[in-house]
2 protein chains.
Amino acid sequence: MDALTINEASTTTGWSARMLRYVEQAGLIAPARSASGYRLYGPEQLQRLRTLKELLTHFEVSLSDVAFAARLGNDPELAEAVRGWLTTEAARPAHVELEDWLRFEQDKHERLLAAVS
Amino acid sequence: MDALTINEASTTTGWSARMLRYVEQAGLIAPARSASGYRLYGPEQLQRLRTLKELLTHFEVSLSDVAFAARLGNDPELAEAVRGWLTTEAARPAHVELEDWLRFEQDKHERLLAAVS
DNA sequence: GCAACATTACCACACCTGTGTCAAAGTTGG
DNA sequence: CCAACTTTGACACAGGTGTGGTAATGTTGC
């Protein structure tokens, strides 16, 4: 059994036990549980915890940022909506009339939102 | 010139003038400036403000979420680092983490609704 | 059986986000 | 010229994020 309990995982990853639970609550790292409910961190999760820490410090992003990126990966509708919003100007072909483009974009958004609800 | 000042933009987009300045500060919509420094919102920006509002309310994302998505688009190194971190997760049994994330999101939603009522 | 660990559920605190409001000072249009 | 607008800056406040604690209770290893 190469799985560590929470305090062992804490010492080898640098996260406090408190933060390991918080990271789990944010949906980023969910360790297995023993029969009695103890968290059991496998080697791969330990590695991911170390990489996560590096990601946060090196790029100055927050846990919620990473959680949102995960949400983008799980929710294609959301990903498409965000991508569309971010690229509206860049994607507009120069020869298309602005008015037409705006109407098109608005229709696209309405179709998208209608599809979700 | 078909550009609106901040209060005109406010009435046609539904954002308060205060929030229009805040959205600009978040790096999402930067209107042009007149010679004396007045913000001038063009039609594309007004449309983007409207769709942004829909994005936020319909998908329950925050301005900082969208700002982070924009940052992902502007910083390929960051995008690759995040994508890489997330896909190691996808290579492993992801259903547990997904469940957890959903519960987390639902709790957040409930807290939000509780705060409203 | 007991010390050392784990669990959840709280309290606490500093900082960030979203949002309103208000003041001082500059700009615009009739 | 003056009313109505704009600018930045600041105070304020609720709720979320990140992080530490403590307490009550269950689990494990020797």
Side-chain angles (χ1 to χ4, degrees), chain A residues 1 3-42 45 49 52-57 59-71, chain B residues 1 3-41 45 49 52-57 59-71 100-101 103-117:
Chain A
M1 268 153 275
L4 304 190
T5 58
I6 195 167
N7 272 329
E8 297 167 331
S10 171
T11 61
T12 62
T13 62
W15 293 93
S16 67
R18 177 68 171 82
M19 283 309 293
L20 288 179
R21 299 196 183 95
Y22 187 74
V23 166
E24 178 178 1
Q25 191 189 337
L28 295 180
I29 301 268
R33 295 300 186 108
S34 75
S36 57
Y38 280 26
R39 289 173 178 79
L40 296 175
Y41 292 86
Q45 289 169 324
L49 282 168
L52 177 59
K53 189 175 246 260
E54 206 177 300
L55 196 63
L56 298 193
T57 60
F59 290 96
E60 291 203 34
V61 301
S62 65
L63 278 182
S64 31
D65 286 337
V66 181
F68 179 68
R71 196 182 156 195
Chain B
M1 243 171 277
L4 305 189
T5 58
I6 194 167
N7 272 327
E8 298 167 331
S10 171
T11 60
T12 62
T13 63
W15 292 94
S16 68
R18 177 66 171 84
M19 283 309 292
L20 288 178
R21 298 196 183 95
Y22 187 74
V23 166
E24 177 178 4
Q25 192 187 333
L28 294 180
I29 301 267
R33 296 299 186 107
S34 76
S36 57
Y38 280 25
R39 288 173 180 79
L40 296 175
Y41 291 87
Q45 290 169 325
L49 282 168
L52 177 59
K53 191 178 251 268
E54 267 180 31
L55 196 63
L56 298 193
T57 60
F59 291 95
E60 291 207 35
V61 301
S62 65
L63 278 182
S64 30
D65 286 338
V66 181
F68 178 67
R71 200 183 151 196
D100 233 25
W101 170 73
R103 189 158 43 246
F104 177 73
E105 283 295 309
Q106 187 164 5
D107 289 348
K108 195 172 74 176
H109 199 191
E110 280 168 4
R111 285 196 304 274
L112 205 139
L113 292 176
V116 168
S117 54

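All values below come from the heavy atoms of this structure, side chains included, with hydrogens, waters and symmetry mates left out. What you see is a predicted model, and the numbers here were worked out from it, not measured in a lab.
In this entry the distance linking CZ of A:Phe68 with C1' of D:dG16 reads 16 Å, nearest Å. If you measure from atom CD1 of A:Ile6 to atom C1' of D:dG26, you get 15 Å, rounded to the nearest angstrom. When rounded to the nearest whole Å, the span between CG of B:Leu56 and P of C:dT17 equals 14 Å. Distance A:Gln25 CD to D:dT19 C1': 13 Å, rounded to the nearest Å. Following rounding to the nearest Å, A:Leu40 (CG) and D:dT28 (P) show an atom-to-atom distance of 10 Å. Distance CG (B:Asp65) to P (C:dC16): 17 Å, rounded to an integer number of Å. Atom P of nucleotide D:dG26 and atom CZ of A:Arg39 are separated by 17 Å, given to the nearest angstrom. Residue A:Glu60 contributes atom CD, which lies 19 Å from atom P of D:dT17 at whole-angstrom precision.
Within the 4.5 Å cutoff, side-chain heavy atoms of A:Tyr41 are placed close to those of A:Leu49. Proximity of A:Ile6 to A:Glu24: side-chain heavy atoms (C-beta onward) are nowhere separated by under 4.5 Å. Using a 4.5 Å heavy-atom threshold, the side chains of B:Leu63 and B:Leu52 count as touching.
Closest heavy-atom contact between B:Gly14 and B:Lys53: O-NZ, 3.3 Å. In this structure, B:Ala69 and A:Phe68 approach most closely via the heavy-atom pair CB-CE2, 4.2 Å. Nearest heavy-atom pair across B:Arg71 and A:Glu60 is NH1-O, 3.5 Å. Of all the heavy atoms in B:Ala9 and B:Thr13, the pair that sits closest is O-OG1, 2.7 Å.
A salt bridge (charged side-chain N to carboxylate O under 4.0 Å, His left out) check over residues 8-20 of chain B, counting only residues at least two apart or in different chains, returns nothing.
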What pairs of nitrogen or oxygen atoms, one from the protein and one from nucleotides 20-22 of chain C, lie under 3.5 Å apart?
unit_1	atom_1	unit_2	atom_2	d
C:dG20	OP2	B:Ser16	OG	2.7
C:dG20	N7	B:Arg18	NE	3.2
C:dG20	O6	B:Arg18	NH2	3.2
C:dT21	O4	B:Arg18	NE	3.3

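Distances were taken from every side-chain heavy atom of B:Tyr22 (C-beta onward) to each of D:dT7, D:dG18, C:dG18; the shortest belongs to C:dG18.
Residue B:Arg21 is classed as a base contact, given a heavy-atom separation below 4.0 Å to a base.
Panel note: side chain B:Ser64, backbone B:Ala67; no donor-acceptor pair is recorded below 3.5 Å.
Across the interface with DNA chain C, nearest-nucleotide mapping of A:Arg33 and B:Leu63 shows A:Arg33 to be the residue nearer the 5′ end.
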Next on the checklist: Within the 4.0 Å limit for protein heavy atoms, which parts of nucleotides 23-30 of chain C are touched? Write it as a string from 5' to 3', B for base, S for sugar-phosphate only, - for none.
Outcome noted: ---BBS--
